[in-house]
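Below is one structure, written out as structure tokens; comments come after it.
FYI, side chains are in, hydrogens and waters are out, and symmetry mates aren't considered; it's all heavy atoms of this structure.
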Amino acid sequence: ALLSLELISCSLTEDLFRQLLTATAGHRLQKLDVSRNVIKDVTVVADLIGRCDCPLKVLNLQGNRIENGADAVRLAMTHNFRLVELKGMRDEQIRHFILLNRAGRGELGKASWPELLERAHDAYGVNGIYYMLRHAPHLVVISIDPAGCCAETETERDSVARVDPICAS
């Protein structure tokens with residue numbers, strides 16, 4: 001399987017980039033470097049990273065003259081839990097999601113809260129945990145069964161509240 005692809009300074013346009021992504025769709029591509037090309041519209045990038053099954057972890061767009069599509073990439077990052085490095089786009093919201101992904105945002109449905117908070121602490125520090133919980137509540141949906149307050153054992157209470165990732169794969 002193709003895991004890494006570097007196409008640097010190849011005069012790659014949006015149309016060729018779209019064809020490349022179609023051709024590599026069956027592979028589990030984790031690293032893609034398309035730096036120093038002529039990609040101006042990154043909407044195609046948003047289409048790729050917005051899918052919950054996107055395996056891409058590293059994407060390099062440096063040196064492209066990006067004019068369009070930043071809003072679409074920003075929106076796509078709300079659904080992407082795997083991308084931990086995106087070079088070539090300077091955007092605070094995108095950077096925020098990249099940092100959350102590095103801290104393990106994709107593990108929300110798999111890990112316990114103590115593990116998640118420990119990872120967030122390692123990535124952000126004490127202030128980062130507060131920031132994450134205060135300013136990013138959309139990352140998780142906490143569903144609580146109102147009948148759970150009457151559970152008789154601790155195990156029953158624990159099974160009532162659960163954390164569901166927004167984009168479960």
Side-chain angles (χ1 to χ4, degrees), residues 1-111 115-116 119-120 122-124 128 131-143 162-169:
L2 182 63
L3 298 177
S4 179
L5 182 60
E6 294 182 5
L7 296 170
I8 303 167
S9 299
C10 297
S11 300
L12 194 64
T13 63
E14 296 87 24
D15 292 332
L16 291 172
F17 189 43
R18 189 178 311 278
Q19 291 174 14
L20 167 74
L21 294 176
T22 303
T24 60
H27 298 275
R28 300 297 297 164
L29 194 62
Q30 294 180 7
K31 180 181 179 187
L32 179 59
D33 188 341
V34 290
S35 57
R36 296 192 299 269
N37 283 290
V38 289
I39 298 170
K40 294 180 182 177
D41 187 345
V42 290
T43 306
V44 65
V45 172
D47 294 342
L48 170 70
I49 64 175
R51 295 190 336 245
C52 292
D53 64 340
C54 177
L56 203 59
K57 293 181 180 179
V58 178
L59 177 60
N60 188 352
L61 297 168
Q62 286 180 323
N64 289 288
R65 295 186 177 157
I66 298 169
E67 298 171 358
N68 300 316
D71 290 338
V73 172
R74 219 175 285 118
L75 180 62
M77 284 303 298
T78 63
H79 301 290
N80 182 296
F81 299 142
R82 292 186 179 102
L83 195 64
V84 294
E85 187 174 330
L86 176 58
K87 296 180 181 177
M89 293 194 70
R90 295 176 189 243
D91 183 280
E92 281 304 309
Q93 281 186 313
I94 293 172
R95 183 177 179 279
H96 172 75
F97 284 112
I98 293 293
L99 289 173
L100 289 174
N101 288 353
R102 286 181 188 164
R105 178 170 68 131
E107 303 299 315
L108 285 174
K110 301 173 191 166
E115 291 172 30
L116 294 173
R119 291 177 95 180
D122 292 345
Y124 286 106
Y131 182 86
M132 181 183 77
L133 295 173
R134 176 79 174 136
H135 297 287
H138 60 282
L139 296 178
V140 294
V141 175
I142 299 176
S143 50
R162 69 181 196 283
V163 178
D164 299 320
I166 291 174
C167 189
S169 43

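- Of the possible donor and acceptor atoms, one in the side chain of N37 sits under 3.5 Å from a partner among the backbone N and O of L7.
- In terms of heavy atoms, L86 sits closest to I94 at CD2-CG2, 3.6 Å.
- Applying the side chain to side chain contact (heavy atoms under 4.5 Å, CB included) test between L20 and each of V44, L29, L32 identifies L32 as the sole match.
- Side-chain contact between V73 and D91 is absent, with no heavy-atom pair separated by less than 4.5 Å.
- In this structure, R36 contributes its side chain and G63 its backbone to no donor-acceptor pair below 3.5 Å.
- In terms of heavy-atom proximity, K87 sits nearest to N60 at CB-OD1, 3.5 Å.
- For the atom pair OG1 (T13) and CZ (R18), the distance works out to 10.0 Å, reported to the nearest 0.5 Å.
- In this structure, the separation between CG on N80 and CG on L75 is 11.5 Å, given to the nearest 0.5 Å.
- Atom CG of L16 and atom OG of S11 lie 9.0 Å apart (nearest 0.5 Å).
- Side-chain atoms of S35 and D33 include a donor-acceptor pair closer than 3.5 Å.
- Between M77 and N101, some side-chain heavy-atom pair lies under the 4.5 Å cut-off.
- Panel note: side chain N64, backbone I66; no donor-acceptor pair is recorded below 3.5 Å.
- Residues R82 and Q30 fail the side-chain proximity criterion, which asks for heavy atoms closer than 4.5 Å.
- Each of V42, V34, T22 was checked for a side chain to side chain contact (heavy atoms under 4.5 Å, CB included) with F17, and the lone residue meeting it is V34.
- The pair D71-R74 meets the salt-bridge criterion, since a charged nitrogen lies less than 4.0 angstrom from a carboxylate oxygen.
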